[in-house]
Amino acid sequence: MNAQEQKPFAVVGERLPRYDGADKVTGKAIFGPDVALPGMCYGFILRSPHAHARILSSDTSRAEALPGVYAVVTAADLPPAESADHRYARDNTFASDKVLYVGHAVAAVAARTPAIAEQAARLIAVEYDVLPAVTDVLAAMRDDAPILHDDMRTHSLAGHGDKPSNVASHFQHLKGDPARGFAEADVIVEREFHTATVHQGYIESHATVATWSDDGAPSNGALTIYTTTQGSFSVRDHVVWLLDLPMSNVRVVPTEVGGAFGGKNTSYLDVPAALLARKARRPVKITMPRPDVFLATGPSSGAVFRVKMGATRDGRITAAQAELYYAAGAYPGSPVGSGANVMFGPYVIPNGQIDGYDVVTNGPRVSSYRAPGGTPANFAAETLIDELAEKLGLDPLEFRLRNHAREGDERLDGGTHGHIGGIEVLQAAQTCAHYTAPLTGPNRGRGVAHTAWGNWGGRSSCALNVNGDGTVNLVTSSVDLSGTRTTIAMQAAEALQLPPERIKPSVGDTDNTGYADVSAGSRTTYATGIAAIQAAEDVIAQMRARAAALWDVPVESVAYARGVFASGADLRFTFAELAEQVTGSGGSVGSIANVDVAEWGAGFSTHIADVEVDPETGKVTLLRYTVVQDVGQAVNPAMVEGQMQGGATQGIGWALYEGYAYNEKGQMLNANFLDYKIPTALDVPLIETVIVEVPYPQHPYGVRGVGEPPIVPPPGAIANAIYRAAGIRPDHLPMTPAHLLEKLGVIES
Amino acid sequence: MTNKTLVSATVNNEPVEFLCEPQQSLLECLRDILGLTGTKEGCNDGNCGACSVLLDGQLVNSCLVLGVEIEGRAITTVEGLADWRGLHPIQQAFLEADGFQCGFCTPGILIATKALLDRKPNPTEADIRAWLSGNLCRCTGYDKIVRAVQVAACHLNNTCEVDA
Amino acid sequence: MQPFAYQAPTSVGEAVALLADPERGARPFAGGTDLLVQMRRGLFAPGMLVDVKRIPELNRIAFDPTEGLTIGAAVCCAWLCEHPAVRQQYPGLVDAASIIGGAAIQRRATLGGNLCNAAPSGDSIPAMIVLGASATLAGPKGTRTVPVADFCAAPGKTVLRPGELLISLHVPPPAPNSAARTRSGARYLRFIPRGEMDIAVAGAGAWLALGDDGVITDARIALSAVAPTPLFVEAAGAALIGQSPTEAAFAAAAAIAQEAARPISDVRGTAAQRRHLVGVLTRRALHGAYQRAKGEACDD
Amino acid sequence: MAIVYIPPLMRDLTGGRDKVSVPGNTVAQVIQALDTAYPGVKARVADGDHLAPGVAVSVDGVIARLGPRAPVKAGSVLRFLPVIEGG
């Protein structure tokens with residue numbers, strides 16, 4: 001067989017350039033902050049300087065009186081809340097009775113210029129009764145902790161708490177008998193880990209432009225919002241929910257998105273901008289300054305883990321137990337549930353227990369961040385896995401292989417593993433160029449970590465319309481964060497059996513596309529791709545029927561292959577020829593597929609890190625880094641590699657540099673890119689990638705989600721490498737030089 | 001009353017005149033007055049490089065330059081890279097090597113790359129990483145950016161192998 | 001940022017006149033890499049910025065083997081670091097000037113601004129102190145010269161009097177003694193978590209001169225980010241005079257520097273970490289300075 | 001009848017049973033039937049007409065987006081789980 005015959009796909013698997021590439025390299029792409037409408041004015045949000053305070057009074061009159069000010073809005077402009085969740089969302093838009101974090105929005109101003117808006121906002125007099133604040137998750141759980149919500153009682157399936165608490169909820173997974181499992185173990189390891197709050201760190205800030213078509217009549221106004229978001233429909237849902245508007249009257253137009261990583265799943269500026277625009281009777285643009293992005297948008301949880309694992313001398317895990325405490329920020333909703341799933345995710349745990357706690361703290365309410373909750377949990381678990389392997393004298397990959405789950409194995413949460421490629425990933429890691437290369441030199445070490453990540457399916461919509469020249473317009477409602485227009489169009493081209501240059505993809509808005517969930521959870525290429533394939537199959541079916549009608553032959557006799565419709569020996573149309581015929585008569589051909597994909601393939605990823613530790617300064621230098629990942633089927637391998645490298649680099653930042661620092665008043669000390677340190681080009685090596693393809697059977701081409709898994713293993717891999725290099729096991733993220741010096745006993749903690 | 005100054009300068013080889021207030025940064029002038037939104041604001045304090053432009057051929061953060069300072073001087077932004085012949089070889093290289101994901105930091109990185117290759121046509125990987133350390137990218141992990149700069153260098157030096 | 005007026009004078013006299021007028025509330029403006037950021041944070045709101053980049057005296061680099069090096073206050077770090085004589089004669093200065101920000105910051109930030117900003121963490125200040133640099137100031141009452149070691153008074157505070165402008169920095173010739181075979185070398189090292197783009201957690205500059213017999217004839221050590229101002233630790237240098245340049249001697253000097261440091265804990269590092277780093281960095285900087293004094297390249 | 005796995009924290013209500021069978025054509029009906037058989041279940045998993053905050057339910061391995069209104073077939077398997085989000 002030659003290479004051509006082996007290749008199962010014509011388009012899928014090719015390294016095609018991006019459809020939106022030229023716009024991105026010429027500055028033409030319109031991102032959120034680039035939107036400008038005629039007659040637009042500018043909004044500015046006044047934010048709390050206190051981490052926890054009661055609002056005694058607020059007076060907006062001086063702001064309203066400033067020349068050039070068009071509108072001032074506060075919580076009083078929002079409809080009343082109808083449930084606890086609704087109240088949290090409402091209060092997180094504008095604080096009503098209490099501010100719960102530094103940066104909590106209190107009011108907003110619209111004015112002729114950004115400078116006037118900011119000046120006016122500073123004229124709003126807010127009187128606060130400052131309360132004690134708590135930002136640490138364990139401190140927030142103490143009996144004497146300041147209570148954020150007087151009405152909050154711990155929710156648990158064991159029953160509701162009977163007194164106010166910052167613990168919003170507690171859950172437990174239990175399998176087998178952990179006590180018996182630990183009794184059977186020959187080796188038991190146990191540690192506590194603390195990890196800092198981190199931010200997605202997208203370079204594009206949040207920005208929204210809101211405009212009302214009828215100049216602001218509140219009852220029947222039609223609102224249009226241009227915003228940078230991961231989900232136009234999720235913004236619409238949020239705005240409709242908080243402003244009590246008919247869905248049909250809110251149109252959300254997503255812009256290009258300058259990085260999101262889960263942080264733009266949540267709407268922050270859309271409701272304030274809509275309220276201001278209604279009052280100001282003109283379009284309002286709000287752009288969030290960088291410090292506010294750190295202070296007031298949802299980062300990922302800081303967390304504490306207590307983990308214990310046991311194994312027998314022959315390398316079998318007998319029991320595992322973990323407590324996970326996640327800081328949710330001001331309102332409940334930390335990713336502790338997915339953290340629990342990641343914890344021991346890849347392995348068969350015969351006896352296991354996980355307890356998860358969602359705890360409110362005086363910080364911004366957390367949002368999703370790429371594999372939410374997974375990275376710090378994996379750091380904790382993979383450190384113990386490494387320690388077990390070391391104590392058992394086993395190669396760390398071999399130990400993981402011995403305990404790895406297979407299809408049908410039961411998970412700790414009670415579910416079962418589907419068709420997974422974790423073992424193939426570990427095997428590929430064992431034989432890759434990096435793992436088989438020797439590492440020499442003082443203060444150097446190699447570490448590995450491995451993860452499972454669930455991924456997602458969800459709702460997607462894709463429309464295809466055939467043009468008279470045989471080209472096809474593809475419109476999806478899935479916002480394109482990093483190239484999914486291209487990967488979706490490639491799948492449509494594959495299904496249509498047309499060259500990809502005949503497809504022109506674009507992202508629509510909520511008025512002209514079907515519903516889609518946020519572009520998140522590694523779901524877009526997977527689930528929206530399924531929608532594209534379904535629409536393509538319907539287009540082909542319609543085209544075959546039209547050919548059959550034109551030829552007056554039974555539709556069953558019309559075959560379609562490689563861009564040609566044929567019936568019998570002499571009836572033949574190319575796709576373009578038939579397209580010209582059908583658009584010229586009988587109405588054009590198009591199809592829209594709306595899907596809700598209920599099943600999806602989990603992703604597995606193994607990372608290998610080589611580090612050098614300066615024992616005198618605690619500085620860690622990454623020498624070499626490899627990401628091995630099962631992607632099912634790479635639709636565009638170059639873009640898959642980019643996801644693996646980019647995710648790994650975010651994980652490296654989480655491991656070594658990034659973390660919110662708070663003072664005792666609950667004020668964040670590093671709300672800027674100077675002291676919130678994301679990796680620069682100098683901090684990472686070239687990142688090698690090994691793409692493993694274990695096709696996922698529920699996708700026509702075998703695709704699995706790709707984006708999230710690679711952020712998970714870096715802290716574990718780097719921590720394990722540091723252990724090999726320096727003999728210490730870091731138990732804090734970020735693993736700062738000071739932390740390593742303390743662990744080394746060089747300085748006092 | 002605002003005290004606006006008339007500034008005459010050259011932007012992307014075109015003469016421009018605009019009125020601005022002294023406190024307006026070059027970044028604000030480019031984006032909000034001249035409508036050149038290709039240059040991005042990421043942090044407004046010189047730590048991300050998204051607003052990189054060339055000032056008389058020198059790489060600067062336009063958020064840390066005042067608009068009034070560019071009187072009589074020449075600015076190059078991302079919009080000035082391509083010309084009637086098509087994309088600049090650096091832009092072409094970033095397309096070929098997938099040197100971007102979301103594309104938001106890309107204008108600044110393209111400008112920084114031009115500044116680098118103008119002064120050092122054959123940079124090493126270490127040179128590229130050091131030079132781009134002021135341009136944050138959160139998507140790519142820099143791997144494909146570094147490779148794109150290498151491809152751009154060989155395009156500009158005509159040293160690319162065929163089908164590289 | 002609050003509105004302000006802008007002037008770009010072309011002579012020192014004009015600039016001083018603007019700065020000396022108390023009605024104007026004027027501040028000098030060179031690279032702006034600290035100033036504009038601080039103004040945006042609302043730390044201060046000058047009525048006028050006096051752009052000094054169009055004044056010829058402030059844009060000069062001049063080197064003379066007997067006079068030494070004169071650096072105009074508005075010379076940007078990149079230009080300084082590319083200057084052949086500076087690269088050859090003052091690598092210890094290049095150590096510091098080349099790490100103030102990334103490539104774009106390097107084309108705006110100035111040594112003059114780094115000094116006038118008077119941050120405890122200013123990288124170039126210890127490097128200048130150990131080279132014995134001085135600052136030339138012009139004011140309404142004429143010019144005066146102040147040693148860089150005495151220039152910073154407190155975080156963000158300097159000895160500049162109202163209306164005074166930093167004109168230039170002067171660094172003595174690299175060989176301080178007349179004896180032709182006397183050799184000297186300088187090194188500045190700082191510790192930061194990332195590879196670049198961070199503020200120093202701690203930094204150490206070292207300079208030493210060797211006599212014919214290889215014994216240290218003079219030495220100076222200065223530190224950054226471990227006290228309210230950049231810290232000249234005269235005792236640490238003095239302890240090296242008459243010593244052989246051994247690692248043990250360097251370690252002893254480093255211990256004196258550690259004793260002199262008055263570090264605090266903040267978001268960038270802990271006091272214990274900083275005090276520890278002073279020891280490591282001083283030792284390494286002395287090692288590098290010694291290598292340079294011998295005409296060798298630094299090995300780290 | 002639907003099969004419901006009882007989470008460990010709720011087994012105090014079911015006398016330690018980890019799996020029970022109850023009738024119902026929707027998740028809400030199943031919860032109601034559970035509550036009839038084992039009083040107190042509803043208060044733990046539901047908040048009025050909604051699932052309790054942070055609680056999700058899976059039917060036959062698929063998270064039921066419609067929550068209490070999600071359909072349940074004879075022989076369906078239900079589990080109560082923590083809510084999961086993606087980034």
Side-chain angles (χ1 to χ4, degrees), chain A residues 83-85 155-160 168-175 200 230 260-263 265 300 332-338 340-341 353 356 358 367-374 413-416 418 453-459 517-518 520-523 596 598-599 705 707-708 711, chain D residues 3-20 27 31 34-35 38-73 76-87:
Chain A
S83 66
D85 278 357
H155 178 267
S156 154
L157 294 178
H160 291 274
S169 65
H170 164 225
F171 66 82
Q172 186 180 84
H173 298 318
L174 180 65
K175 181 183 163 195
Q200 298 84 357
Q230 288 176 250
F261 319 112
N265 284 349
S300 195
S334 76
V336 63
S338 46
N341 286 0
Q353 179 175 333
D358 183 32
S367 182
S368 301
Y369 179 23
R370 201 170 194 158
D413 68 358
T416 50
W453 175 255
N455 291 326
W456 191 23
R459 290 165 289 182
D517 284 309
V518 283
S522 311
R523 66 171 217 90
D596 186 354
E599 291 180 84
E708 289 171 299
I711 198 177
Chain D
I3 299 156
V4 184
Y5 279 86
I6 305 298
L9 296 176
M10 268 180 13
R11 288 178 202 158
D12 58 323
L13 299 177
T14 59
R17 297 180 63 184
D18 62 358
K19 194 164 76 171
V20 300
V27 168
I31 290 171
L34 272 175
D35 198 59
Y38 306 104
V41 166
K42 188 174 176 185
R44 300 213 187 157
V45 301
D47 181 7
D49 294 338
H50 303 275
L51 289 173
V55 175
V57 63
S58 77
V59 180
D60 298 324
V62 175
I63 298 293
R65 198 195 306 282
L66 293 174
R69 288 173 287 125
V72 172
K73 295 192 288 265
S76 280
V77 176
L78 276 71
R79 290 176 189 275
F80 294 101
L81 298 165
V83 169
I84 304 289
E85 283 180 47

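Protein chains get the first letters and strands the later ones, always in sequence-line order, with residue 1 at the start of each. Computed from heavy atoms alone, side chains included, the values below leave out hydrogens, waters and symmetry copies.
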Student: Any side-chain heavy-atom pair from D/V77 and D/V59 closer than 4.5 angstrom?
Tutor: no
Student: Would you say A/D358's side chain and A/S334's backbone share a donor-acceptor pair under 3.5 angstrom?
Tutor: yes
Student: Identify the residues of residues 40-49 of chain D whose heavy atoms come closer than 4.5 Å to a heavy atom of chain A, ordered by number, or report 'none'.
Tutor: D/A43, D/R44, D/V45
Student: Can you find a pair of side-chain heavy atoms, one from D/P68 and one from D/L51, that are under 4.5 Å apart?
Tutor: yes
Student: Within a reach of under 6.0 Å around CZ of D/R69, are more than 12 heavy atoms found that belong to other residues, nucleotides or ligands?
Tutor: no
Student: Counting C-beta onward and ignoring hydrogens, is there a side-chain heavy-atom pair between A/W453 and A/I711 closer than 4.5 Å?
Tutor: no
Student: Which residues satisfy the salt bridge (Lys or Arg N to Asp or Glu O under 4.0 Å) test with D/D60, sequence neighbours excluded?
Tutor: none
Student: Are the side chains of A/Q353 and A/H173 in contact, using a 4.5 Å heavy-atom criterion?
Tutor: no
Student: Could you look at A/R523 and say if it's the side chain, the backbone, both or neither that has a heavy atom under 4.5 Å from chain D?
Tutor: neither
Student: Measure distances from A/D413 to the heavy atoms of chain D and classify the residue's part below 4.5 Å as side chain, backbone, both or neither.
Tutor: both
Student: Under 4.5 Å, heavy atom to heavy atom, which residues of residues 3-17 of chain D contact chain A?
Tutor: D/P7, D/P8, D/L9, D/M10, D/R11
Student: Given that the side chain runs from C-beta out, which part of A/D596 has a heavy atom under 4.5 Å from chain D: side chain, backbone, both or neither?
Tutor: side chain
Student: Does the side chain of D/Y38 come within less than 4.5 Å of D/V20's, by heavy atoms?
Tutor: yes
Student: Counting only heavy atoms closer than 4.5 Å, note whether A/F171 contacts chain D via side chain, backbone, both or neither.
Tutor: both
Student: How would you list, by chain and number, every residue that makes a side chain to side chain donor-acceptor pair (under 3.5 Å) with A/N341, sequence neighbours excluded?
Tutor: none
Student: For residues D/V55 and D/V83, determine if any side-chain heavy atom of one lies less than 4.5 Å from a side-chain heavy atom of the other.
Tutor: no
Student: Given side chains that start at C-beta, do those of A/D517 and A/Q230 come closer than 4.5 Å, heavy atoms only?
Tutor: no
Student: Under a 4.5 Å heavy-atom cutoff, which of A/G415, A/G414, A/A598, A/G333 has the most pairs with chain D?
Tutor: A/G414
Student: Could you walk me through whether A/F261 and A/S368 pass the side chain to side chain contact (heavy atoms under 4.5 Å, CB included) check?
Tutor: CA-CA 8 Å; A/F261 319 112; A/S368 301; over 6 Å; no
